[in-house]
Every structure is written in C-alpha cells, then in structure tokens.
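Okay, so here's the structure we're looking at.
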Amino acid sequence: MLHTEDELDGQALVRRSNLRRALQLVFDNSGSETRAGIARATGLTAATASSLVAELIDERLVVEVGHAASTGGKRATVLAIDASHHLFLVVVLRCADAHAALIALDGTSVYEERIVYASDDRDDMIRAMLTRIAHRFGPRLLAAAVQLPGATDGRVVLESVQLEWADRPLADELSDLVGAPVLLVNDVDAEAVAETIASGVTSGRRLFLHIGIGIGGTVTLDGEPAPGPHARVGEIGHVQVVFGDEARACPCGRRGCLESAASMPALLGDGFTEGMDAADVRALVDAADPERLAGGAIALGRVITMLTAMLDPGEVVIGGSAAGLGEGFLELVRAETQLPPSGTVRVPVRGATGGIVPFAGAAQFALGAALGVRWTAAQLAE
C-alpha cells in the first residue's frame with residue numbers, strides 16, 4: 001500500500017509521489033486512462049509509467065478493463081479503478097443516531113447500516129454495529145473515518161459536548177475493534193471537504209459554517225481544512241453575540257450564545273432533530289416565528305461580518321441543515337452582511353452545493369489518508 005512518509009527514504013518518497021499521481025489519473029479517468037496517458041500527463045518514461053501501473057494492479061487499486069480504440073498501431077490497454085476488494089468504513093456519529101457505510105474505491109456504497117441510541121446505551125450500540133461490520137468485511141477494510149460533533153486531533157476526542165465525551169482515545173478503541181486504521185474527523189471539517197468535492201472548486205480560501213443542533217465553522221485552504229494548534233478552529237457556537245433582554249438561555253448554561261440564537265432548535269423549536277425528512281423541516285419552518293428567524297439571521301450575519309473581516313475568505317458557505325431554512329433565510333443573512341466594516345469588502349454568502357452522499361467528506365478523509373487521492377462529485381453523487 002502507499003506508505004507514510006516516516007516509513008520511506010528519499011527515493012521511495014519520489015516513487016510514492018508518482019504512484020499517487022498515477023492513481024489520481026486513473027481516479028479521474030477511470031475506464032479511459034492508459035499507461036501511455038499516464039506517461040504523457042506525468043512526464044515520466046513509458047517504462048516508469050508501466051512499472052507504477054503494475055504496482056497499483058498488484059495492490060488491487062487499479063485493474064485492466066479492455067483496450068482503447070485503435071489509432072493505427074497496437075491498441076492500448078485501458079485502466080480503471082479496482083472496486084472489487086478494498087473498502088473504506090465511514091461512521092457518522094450524532095447525538096441520537098449513527099450511520100455507517102462501506103465505500104468501494106470507485107465511491108460506491110456497498111453496505112450501509114443505521115442505529116438509534118440513547119446516551120446510556122450509545123457506546124454498546126456503536127461497538128455492536130462495528131463488530132458486525134468487522135466480522136463481515138474486516139479483511140477488506142483499508143481505513144476508517146469517524147465523523148463526530150466536537151474537537152478532535154484525529155486520534156482523541158478532545159471534547160464533544162453533544163456526545164458528552166472528553167479526552168477519549170476513540171481512534172485507538174475503534175481501530176482495535178475493526179482491525180484497520182481509524183481517523184477521527186470533526187463534522188464541520190468533513191462537511192467543508194464535502195463542499196469542496198460537490199462544488200468542484202479546490203482553490204482559494206473558503207469559510208464554511210454548519211448550522212444544526214449546534215453551530216460551528218472551519219476555513220479551507222485549497223480544499224483542505226486549515227487546522228489550529230488546539231484543534232479548536234471554528235468553535236463559535238458559544239461566543240456571545242446577543243446581549244440584554246434579547247439574550248436567550250443556551251444549553252451551555254450561558255445566555256446570548258450564537259447557538260441560542262441561530263441553531264436549528266433555536267430557530268425552529270425543540271421539534272427539530274438532525275436527520276429529519278426535508279418535508280418535516282419545511283413544516284417546522286412554515287410554523288416558525290418570523291421574528292425568531294430574523295433574529296437568528298441577524299446574529300449569524302454579524303458573526304459572518306466579523307469572521308470575514310478577519311479571515312478575508314473568497315466566499316462563505318452555509319451548510320448543515322440550513323438548506324431546510326430556504327433561500328429566504330439566506331437573504332436575511334446576506335442583508336446583515338451588505339455593509340461591511342470600513343477597510344473590508346463584502347464577501348458573498350451562499351448555501352452548500354449538495355448533491356453528494358452525506359458521508360462524502362469523512363469518506364474523502366479516509367481515502368486521502370490512505371492513498372492520497374481524491375474522488376469527484378460524480379463518484380460520490382447521491
């Protein structure tokens with residue numbers, strides 16, 4: 001497999017880089033790429049390109065699928081992603097439920113399972129589900145990614161208010177269970193990467209905001225989350241933004257937090273739960289207090305104004321469950337950001353692109369960590 005940098009010397013690092021370049025070309029052109037095409041695209045010799053392809057075939061990452069149309073000489077052999085063996089396990093954890101999916105190398109889902117739990121049986125339910133999956137698919141698992149609400153350094157859940165975990169070495173726990181490397185991913189980071197895939201725009205700086213049970217944000221640079229030294233980028237939900245009599249109580253125990261004004265429960269009431277059917281969310285929106293929706297939009301708009309003045313992103317994307325609020329809510333947010341502070345510029349605000357599977361971001365984290373390549377929106381389409 002494509003080894004980590006600390007396992008390789010200089011020459012091996014160059015070869016690994018070339019393997020990734022070759023593999024990405026097959027990912028981008030599965031069913032039409034050839035050895036000659038890889039040589040042309042990379043500038044490598046035909047012999048080197050053939051050697052790389054041979055290794056990728058041996059690792060069951062690439063497969064030969066026939067011959068290209070004749071151009072007058074010997075027909076070239078066509079290459080495609082080998083989706084017959086390796087799998088990525090993706091687990092999306094939320095307050096009351098979890099969704100697991102097994103993703104083949106071509107981005108297709110080969111198995112999915114959902115469970116519902118309460119706080120007192122959550123750990124047992126999760127372990128039981130992963131034990132079933134490991135028993136059935138274990139030898140084929142290449143890597144796993146676990147998406148969760150809260151701060152993580154990739155190995156340890158540093159703090160998750162929603163899941164009531166702190167300093168928990170969850171990656172090691174689950175890696176022992178499933179028999180494959182496990183990477184923990186913050187849910188907003190995963191959504192931001194999914195937006196990169198869905199939009200097809202991998203360059204520039206983007207501010208991504210998630211609205212759901214809680215509120216969080218992240219900044220992506222050229223399609224990748226920009227981490228901080230404390231793994232706390234975007235923890236904005238409990239920043240006080242509303243004051244005086246208008247400040248409402250927040251679940252954290254304080255008053256006036258952004259979450260108390262602009263989270264989905266704050267806007268739509270306690271009837272909202274993540275994973276609700278779109279029609280049910282629409283019904284809550286239709287029944288919601290217009291003044292409460294407007295107040296939430298104003299609070300969110302003010303935070304966006306401050307963040308864009310500091311970060312200077314190319315755009316702001318609002319995701320999570322916010323799509324259910326409709327374009328009218330986004331217009332209210334935009335209205336609050338229309339007049340930027342002196343010395344700054346107005347940054348466009350839009351909703352998330354959508355159109356890809358809900359676990360796409362976490363799946364991409366697993367793929368990137370294991371193989372260093374990317375899926376396209378078409379490969380992860382709903």
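From a predicted model like this one, the values you see are computed outputs, not experimental measurements.
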Indicate yes or no: at least one non-hydrogen side-chain atom of [X] is less than 4.5 angstrom from one of [Y].
{"X": "Ile215", "Y": "Leu209", "answer": "no"}
{"X": "Trp165", "Y": "Leu93", "answer": "yes"}
{"X": "Leu174", "Y": "Val182", "answer": "yes"}
{"X": "Arg114", "Y": "Asp97", "answer": "no"}
{"X": "Leu371", "Y": "Leu19", "answer": "no"}
{"X": "Leu184", "Y": "Val157", "answer": "yes"}
{"X": "Thr308", "Y": "Pro313", "answer": "yes"}
{"X": "Cys250", "Y": "Gln240", "answer": "no"}

Flag yes if more than 12 heavy atoms outside [X] fall under 6.0 Å of its [atom1] atom; otherwise flag no.
{"X": "Gln11", "atom1": "CD", "value": "no"}
{"X": "Arg127", "atom1": "CZ", "value": "no"}
{"X": "Glu291", "atom1": "CD", "value": "no"}
{"X": "Arg254", "atom1": "CZ", "value": "no"}
{"X": "Asp270", "atom1": "CG", "value": "no"}
{"X": "Glu327", "atom1": "CD", "value": "yes"}

To the nearest 0.5 Å, what is the distance between [atom1] ([X]) and [atom2] ([Y])?
{"X": "Leu268", "Y": "Asp289", "atom1": "CG", "atom2": "CG", "result": "11.0 Å"}
{"X": "Met264", "Y": "Ile211", "atom1": "CE", "atom2": "CD1", "result": "7.5 Å"}
{"X": "Arg136", "Y": "Thr131", "atom1": "CZ", "atom2": "OG1", "result": "15.0 Å"}
{"X": "Thr220", "Y": "Leu207", "atom1": "OG1", "atom2": "CG", "result": "8.5 Å"}
{"X": "Ile38", "Y": "Leu44", "atom1": "CD1", "atom2": "CG", "result": "9.5 Å"}
{"X": "Leu142", "Y": "Arg140", "atom1": "CG", "atom2": "CZ", "result": "11.5 Å"}

What closest approach, in Å, do [X] and [Y] show between heavy atoms, and which atom pair accounts for it?
{"X": "Ala198", "Y": "Ile356", "result": "CB-CD1, 3.9 Å"}
{"X": "Phe208", "Y": "Ala352", "result": "CE1-CB, 4.5 Å"}
{"X": "Glu235", "Y": "Ala151", "result": "OE2-N, 4.4 Å"}
{"X": "Arg21", "Y": "Thr42", "result": "NH2-O, 2.9 Å"}
{"X": "Gly296", "Y": "Ala262", "result": "O-CB, 3.6 Å"}
{"X": "Val233", "Y": "Ala226", "result": "CG2-O, 3.6 Å"}

Please answer whether the main-chain N or O of [Y] pairs with a side-chain N or O of [X] as donor and acceptor at a distance below 3.5 Å.
{"X": "Arg205", "Y": "Leu221", "result": "no"}
{"X": "Ser160", "Y": "Pro149", "result": "yes"}
{"X": "Asp121", "Y": "Ala118", "result": "yes"}
{"X": "Ser50", "Y": "Ala47", "result": "no"}
{"X": "Glu259", "Y": "Gly216", "result": "no"}
{"X": "Ser175", "Y": "Ala180", "result": "yes"}
{"X": "Trp375", "Y": "Leu105", "result": "yes"}
{"X": "Ser260", "Y": "Cys257", "result": "yes"}
{"X": "Tyr117", "Y": "Met125", "result": "no"}

Could you walk me through whether Thr353 and Glu195 pass the side chain to side chain donor-acceptor pair (under 3.5 Å) check? CA-CA 6 Å; Thr353 304; Glu195 175 60 27; 2.7 Å; yes
Identified side chain to side chain contact (heavy atoms under 4.5 Å, CB included) counterpart of Gln379 within the set Asp106, Ile81, Val357, Ile197: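 Of the listed residues Asp106, Ile81, Val357, Ile197, the side chain to side chain contact (heavy atoms under 4.5 Å, CB included) partner of Gln379 is Ile81.
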Looking at Ser263, Pro251, Pro265, which one forms a side chain to side chain contact (heavy atoms under 4.5 Å, CB included) with Ile213?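 Testing Ile213 for a side chain to side chain contact (heavy atoms under 4.5 Å, CB included) against Ser263, Pro251, Pro265 leaves exactly one candidate, Pro265.
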Among pairs that include at least one residue of [range], which meet salt bridge (charged side-chain N to carboxylate O under 4.0 Å, His left out), considering only residues two or more places apart or in two chains?
{"range": "residues 306-317", "value": "Arg206-Glu315, Glu315-Arg350"}
{"range": "residues 338-349", "value": "none"}
{"range": "residues 80-92", "value": "none"}
{"range": "residues 184-193", "value": "none"}

Sequence neighbours left out, what passes ring pair (Phe, Tyr, Trp, His ring centres under 6.0 Å) with Phe272? Give chain and number order.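 Result, ring pair (Phe, Tyr, Trp, His ring centres under 6.0 Å) vs Phe272: none returned.
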Could you list the residues that satisfy ring pair (Phe, Tyr, Trp, His ring centres under 6.0 Å) with His99, not counting sequence neighbours?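 So His99 forms a ring pair (Phe, Tyr, Trp, His ring centres under 6.0 Å) with Phe359.
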One thing to verify: whether [Y] and [X] come together as a salt bridge, which I'm taking to mean a side-chain N less than 4.0 angstrom from a carboxylate O.
{"X": "Arg334", "Y": "Glu331", "value": "yes"}
{"X": "Glu159", "Y": "Arg168", "value": "no"}
{"X": "Arg35", "Y": "Glu64", "value": "yes"}

Is it possible for you to say whether [X] and [Y] belong to one hydrophobic cluster, with membership spreading through side-chain heavy-atom contacts below 4.5 Å?
{"X": "Leu130", "Y": "Val185", "value": "no"}
{"X": "Leu267", "Y": "Leu284", "value": "yes"}
{"X": "Val303", "Y": "Val349", "value": "yes"}
{"X": "Val90", "Y": "Leu163", "value": "no"}
{"X": "Val188", "Y": "Val201", "value": "no"}

Apply the test side chain to side chain contact (heavy atoms under 4.5 Å, CB included) to residues Leu300 and Ile318: give CA-CA distance (whole Å), side-chain angles for both, the deciding distance (0.1 Å), then the verdict. CA-CA 10 Å; Leu300 185 62; Ile318 301 178; 4.1 Å; yes
Would you call the rings of Phe137 and Tyr111 parallel, tilted or perpendicular if under 30° counts as parallel and over 60° as perpendicular?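 Tilted: the ring planes of Phe137 and Tyr111 meet at 30° to 60°.
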Can you see whether [X] engages [Y] through a side-chain donor-acceptor pair at a distance of less than 3.5 angstrom?
{"X": "Thr48", "Y": "Thr45", "answer": "yes"}
{"X": "Ser51", "Y": "Arg15", "answer": "yes"}
{"X": "Glu336", "Y": "Thr305", "answer": "no"}

